[in-house]
Protein chains: 2
Amino acid sequence: MSSKEHKKHKLFMVDDHPVFRRGIRQLLQFAPEIELVGEAASCDEALAGISVTRPDLVLLDLRLHKNSGHEILRLIRPQWPEIKVVILTVSDAEEDLTEALRDGATGYLLKDMEPEELLEGVRHALKGEIILSQRLRSTLGRVLNGTGRDDPEKKNVLSRRECEIVAAVAQGKTNKMIAQLLGITEETVKVHMKRILRRTKLKNRVELAVWVNDQSRLAPATRAIP
Amino acid sequence: MSSKEHKKHKLFMVDDHPVFRRGIRQLLQFAPEIELVGEAASCDEALAGISVTRPDLVLLDLRLHKNSGHEILRLIRPQWPEIKVVILTVSDAEEDLTEALRDGATGYLLKDMEPEELLEGVRHALKGEIILSQRLRSTLGRVLNGTGRDDPEKKNVLSRRECEIVAAVAQGKTNKMIAQLLGITEETVKVHMKRILRRTKLKNRVELAVWVNDQSRLAPATRAIP
DNA sequence: GGGCATATACCTCGAAAGAGGTAATCCATG
DNA sequence: CATGGATTACCTCTTTCGAGGTATATGCCC
């Protein structure tokens, strides 16, 4: 490697469309300060590649063949919190956006944007800024105001009671202990837990605990747990 | 409150010896920049008091009547990571020291130290430094070198295999998934898990997950999970 | 070679977790 | 007032965890 430039930014791309990847590769030729250190089309490939190449930034498609990009994002964040992850997808669904931001994405770009804008976005992201496709600004406004308009089961805000339970889970407490702590039945705690897991789209209490601890550290002002 | 000084440092004391507490109160009169915002003699009192007063620093005795100070420390860290916790105890046991440092204590002082030194220690701790009683320096050396000399069941280093498992747990994986991932039996994973929990003195996988995620964030260079 | 730690596997057993469903109460908002 | 969310509780059922125990093979250090 030539040691001429200070240090190239390392970029990793996860997308299951070979043609799209080719497009990005092409595009990156106009960004000499960015080096593409790896590509992946699946979750496994992505994690393997990322663990080896340790990129500065990951361009991540949400819809892959097997797993979803959200999963990958949730796997990357805890392991390598310093890696920036920018979502690059076709989905302008409010749900995907909120989930990605909640999971700690550095940016959310739509695939139909102009190549130049995309490059600009990546450059800003590398500087640590949070970037967002223009078309999503209005959506974000709604999200930040907590005025999600869609079906209740997908709200991104937890109720007071749920927050108390989440806090307890994040300390490793069992359902029984939480019940005792809050003066309710263990069965009721389970009910809450089930709803919490469905809403947060997390699989079990361990993921929940890790997620909360991430949240409270990385974005105390934005976290969903007041 | 008089708004004369910039802002007093808030200190919270947890110790079940009223007389010792009185001694500290006395001592703090010589530290006008430090304000004692609360005291507690038990775990419950401590957590309640801390959650209300939000001190900058907690002076924590390890041996309390009911719970141990270690427990309190483990409860404080995840909830209020910004609060500094300085252990103040009679125990010069290597085990207590390592456990406290592992759990994120800012300092570890012995109760037999000179009051002036104690005050100095607290002042340094408030500035974010890690403080340690002189008498423990040698012990710490041994600890950091991983040359713990005591019984094997209490070693503070995890084996390679155990680390792999811990990493997986920290991502919310179930034993079955880990088994598949590592190509071993779920039963074997369980065996490892049991040993890991015994060694780390953690109660369940949730605590383990949170602990690991704390470690990797707060002290990437010192963490027990290589 | 004799310990000792590690890693593997299998066994039982009880506790904990999570998914389902039903249902009652309270409270806010339309 | 009606609808719907939040909170509470109880039911069943399956899966997962974690604590015991036993056992074998490997490799390392004294």
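Chain A is the first sequence line, chain B the second, and so forth, proteins listed ahead of strands; every chain is numbered from 1. Computed from a predicted model, the values in this text were never measured in an experiment.
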Can you check the [X] [atom1] to [N] [atom2] distance for me, whole Å?
X	N	atom1	atom2	answer
Ile165(B)	dC17(D)	CD1	C1'	14 Å
Lys176(A)	dG18(D)	NZ	P	15 Å
Ile184(B)	dC10(C)	CD1	P	11 Å
Lys173(B)	dC17(D)	NZ	P	12 Å
Glu162(A)	dG5(D)	CD	P	12 Å
Leu182(A)	dT8(D)	CG	P	8 Å
His192(A)	dT7(D)	NE2	P	6 Å
Arg195(A)	dA17(C)	CZ	C1'	18 Å

Donor-acceptor pair, distance only, cut-off 3.5 Å: does the side chain of [X] make one with the backbone of [Y]?
X	Y	answer
Glu117(B)	Met113(B)	no
Thr106(B)	Val85(B)	yes
Thr188(B)	Ile184(B)	no
Arg205(A)	Lys173(A)	yes
Asn204(A)	Gly172(B)	yes

Think [X] has a side-chain N or O under 4.0 angstrom from the OP1 or OP2 of [N]?
X	N	result
Arg161(A)	dT8(D)	yes
Thr188(A)	dT7(D)	no
Thr185(B)	dC10(C)	yes
Arg160(B)	dT6(C)	no
Asn175(B)	dC17(D)	yes
Arg199(A)	dA6(D)	yes

*Determine whether Val14(B) and Asp61(B) make a side-chain contact, defined as any pair of heavy atoms from C-beta on separated by less than 4.5 Å.*
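No. Closest side-chain heavy atoms not under 4.5 Å.
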_4.5 Å side-chain heavy-atom contact, Ile165(B) and Ile196(B)_ =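 Contact flag for Ile165(B)/Ile196(B) side chains = yes.
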Which pairs, protein N/O on one side and nucleotides 21-27 of chain C N/O on the other, fall under 3.5 Å?
none

*asked:* Using the side-chain heavy atoms of Met193(B), tell me which of these nucleotides is nearest: dA17(C), dG18(D), dG18(C).
replied: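 Nearest listed nucleotide: dG18(D).
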_Taking the nucleotide of DNA chain C with the nearest heavy atom to each, does Leu197(A) or Glu186(B) sit closer to the 5' end?_
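Whichever sits nearer the 5' end wins; that is Glu186(B).
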